[in-house]
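See below for the structure under consideration.
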Protein chains: 2
Amino acid sequence: MSWRKEQGRAERGYHHGNLKEALLQAALGLIAEKGAAGFTFADAARMAGVSAAAPYRHFRDRDELLSSIAQRGFEQFESRLTAAWDDGRPDTVTAFERVGRAYLAFAREEPAFYNAMFESGLPVDANAALQAASERAFNVIRAAAERLAALAPPDTPRPPAMMMALHIWSMAHGVASLFSRGDAARRKLPMSPDELLEAELLIYLRGLGFPTDRRPQAKSAEPPPVPPEASSGSGVPPGGAPAGPWGKPK
Amino acid sequence: MSWRKEQGRAERGYHHGNLKEALLQAALGLIAEKGAAGFTFADAARMAGVSAAAPYRHFRDRDELLSSIAQRGFEQFESRLTAAWDDGRPDTVTAFERVGRAYLAFAREEPAFYNAMFESGLPVDANAALQAASERAFNVIRAAAERLAALAPPDTPRPPAMMMALHIWSMAHGVASLFSRGDAARRKLPMSPDELLEAELLIYLRGLGFPTDRRPQAKSAEPPPVPPEASSGSGVPPGGAPAGPWGKPK
DNA sequence: CAGCTCATGTGAACGACCTTTACATGAGCC
DNA sequence: GGCTCATGTAAAGGTCGTTCACATGAGCTG
């Protein structure tokens with residue numbers, strides 16, 4: 001944190017110097033504790049050591065602060081998804097699952113952001129910048145789905161990538177929202193949310209005809225046209241009866 | 001609505017006669033309009049024509065009203081899912097998809113209930129009765145999954161029914177929450193939420209080895225052990241390359 | 001029917017919050 | 001030094017949630 005001046009403790013003149021950022025941080029902490037609903041503008045001001053009216057110099061109202069946080073959240077979300085995707089290395093399916101886990105990890109590790117982004121009830125189109133950030137994040141999933149779709153068994157009608165992306169998103173959000181966060185995490189499960197999502201994804205991908213036995217290839221750069229992954233043929237998991245993505249303890 | 005006495009309009013003595021129910025109805029309407037977050041205890045009282053303190057005679061606090069609504073919601077939810085499942089008629093897969101659509105329909109047609117149940121942020125275990133109602137509703141999905149699991153291709157390891165149920169739940173909730181309700185419905189999609197979920201479910205089921213071409217049987221009562229559905233063999237969609245559950249315009 | 005009792009509703013009050021308005025301060029610039 | 005404007009403050013109005021003392025009247029008891 002680089003404050004403009006030394007900002008040790010109580011010594012701080014009439015002007016704060018970094019209120020906007022301080023408010024965002026304070027709000028983030030509060031939301032993480034008590035949820036977007038419980039977070040209060042006045043509390044954030046108090047935590048930043050200013051009067052209750054001060055925040056209005058930086059945000060039109062409470063909602064604007066919230067949507068700023070949501071926007072920032074989508075940006076971080078995008079970058080984490082992008083990192084997880086790693087341009088499809090080492091192979092598309094593996095990378096795809098990594099994206100799924102990254103989704104859950106984000107929901108778990110950044111509850112405040114996730115809350116602001118998806119559970120605060122603020123309209124998706126509240127803010128153009130917010131909507132754009134949200135779309136950029138989704139586009140990571142979408143681009144990954146695009147690559148995956150291109151690998152679909154060739155003698156099969158290609159699944160629309162957009163649809164796949166929406167499916168993946170809904171699975172990840174469903175698991176995160178129902179089982180992986182805050183109060184919802186208290187639902188007792190026979191398996192962890194990560195395992196649950198991983199199995200769900202694998203079954204789904206198998207339903208599309210993708211081989212999901214992992215590591216079908218070693219290190220090839222996977223050229224766009226008809227990469228090795230898709231070469232297993234009939235759109236059917238190899239080996240007749242597939243071994244389920246469940247059961248066999250990892 | 002059956003009031004105890006004629007309750008035409010302004011004529012109403014010191015005692016309301018049906019406040020508890022009136023408050024629940026008012027809250028339901030308010031939540032449908034403005035979300036659980038926006039709903040206010042005072043508003044409900046006003047709408048029922050009583051003072052702001054009156055509700056406290058019937059609900060410990062605002063949260064208790066909310067959880068009453070959520071509980072009632074789970075009960076209606078359960079009954080709608082049960083009706084949709086219709087004990088697996090005419091065939092398990094068809095009935096299963098009908099449950100999925102019923103899930104979405106409930107989310108769409110009863111936004112207030114759905115909001116209170118899943119998006120109000122009230123802890124799942126706030127109330128024992130609430131938790132029980134929630135579990136009863138989930139058990140409908142679970143029981144259906146149980147039946148479905150029993151139909152899994154015999155030469156395949158059976159998927160755990162519990163896991164399937166959780167998967168289905170997460171898909172349905174994910175789609176409902178992201179695309180099918182309130183503000184979220186404003187996200188533009190290439191297809192309707194219902195179609196999206198239906199395709200997702202079909203792909204998932206196919207991933208488990210279920211034949212998803214529909215109407216594999218006509219009217220048989222489908223005896224528990226190894227019903228006709230499961231007889232198609234190898235856990236692979238018949239016909240080599242499967243026709244996708246997308247595309248072909250319905 | 002008189003009278004009692006207790007569930008149910010009222011009004012006033014408290015503290016917290018959101019938000020606006022008029023005013024104060026001081027940082028940066030001429 | 002003096003101006004100006006962004007940034008902060010204090011005060012005030014409106015709404016909420018919640019509590020408390022008090023009012024009302026429905027239904028029982030005799």
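Worth saying up front: this structure is predicted, and the values here are computed from it rather than measured. Letters A, B, ... mirror the listed sequences (proteins, then strands); counts begin at 1. Excluded from the calculations below are hydrogen atoms, water molecules and symmetry mates; all remaining heavy atoms, backbone and side chain alike, are included.
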Mind checking whether B/L178 and B/R187 have side chains closer than 4.5 Å, heavy atoms only? yes
Measure from CG on B/D61 to C1' on D/dC20 and round the result to the nearest Å. 17 Å
Do you see a donor-acceptor pair shorter than 3.5 Å between the side chains of B/E195 and B/S192? yes
Would you work out how much the helix from C/dC1-D/dG30 to C/dC30-D/dG1 bends between its ends, with each end axis defined by five base pairs, to 10 degrees? 10°
I want to verify a distance call: between D/dT9, C/dT8, D/dG8, whose nearest atom is closest to the B/H58 side chain? C/dT8
Nearest listed nucleotide, side chain of A/V50, among D/dT9, C/dT19, C/dT8: D/dT9
Starting the side chain at C-beta, find the nucleotide from D/dC16, D/dA21, D/dG17 nearest to B/D43. D/dC16
Tell me what B/A54 touches on the nucleic acid: a base, only sugar-phosphate, or nothing, going by heavy atoms under 4.0 Å. base
Classify the ring geometry between B/Y103 and B/F77 as parallel (under 30°), tilted (30 to 60°) or perpendicular (over 60°). perpendicular
Residue B/A53, side-chain heavy atoms: nucleotide from D/dT9, C/dG9, D/dC20 that is nearest: D/dC20
Let's see if you can work this out: which of D/dT19, C/dT19, C/dA22 has an atom nearest to the side-chain heavy atoms of B/Y56? D/dT19
Tell me whether A/S67 contacts the main-chain N or O of A/A70 through its side chain, where contact means a donor paired with an acceptor under 3.5 Å. no
Please tell me whether A/F74 and A/F113 form a close aromatic pair, meaning their ring centres lie under 6.0 Å apart. no
Whole-Å distance, A/N18 CG to D/dA6 P, equals 18 Å
Atom CZ of B/R62 and atom P of D/dT18 are separated, to the nearest Å, by 8 Å
Integer-rounded Å distance: C/dC17 C1' and A/L65 CG: 15 Å
Nucleotide nearest B/F41 when distance is taken to its side chain, options D/dG17, D/dT9, C/dC17: D/dG17
Between B/H16 (NE2) and C/dT10 (C1'), how many Å, whole number? 15 Å
Testing D/dC22, D/dT24, D/dC16 for proximity to the side chain of B/R46, the answer is D/dC16
Determine whether the aromatic ring centres of A/Y204 and B/Y204 lie less than 6.0 Å apart. no
Between A/Y114 and the options A/H173, A/E119, A/R108, A/R181, the side-chain hydrogen bond (donor to acceptor under 3.5 Å, both in side chains) test singles out A/H173
Would you kindly give the CG-to-C1' distance between A/L23 and D/dT7, to the nearest whole Å? 12 Å
What is the distance from CZ of B/R57 to C1' of D/dA23, rounded to the nearest Å? 11 Å
Mind checking if B/T40 touches a base, just sugar-phosphate, or nothing, with heavy atoms under 4.0 Å? sugar-phosphate
Between C1' on D/dT7 and CZ on A/F59, what's the gap in Å once rounded to a whole number? 14 Å
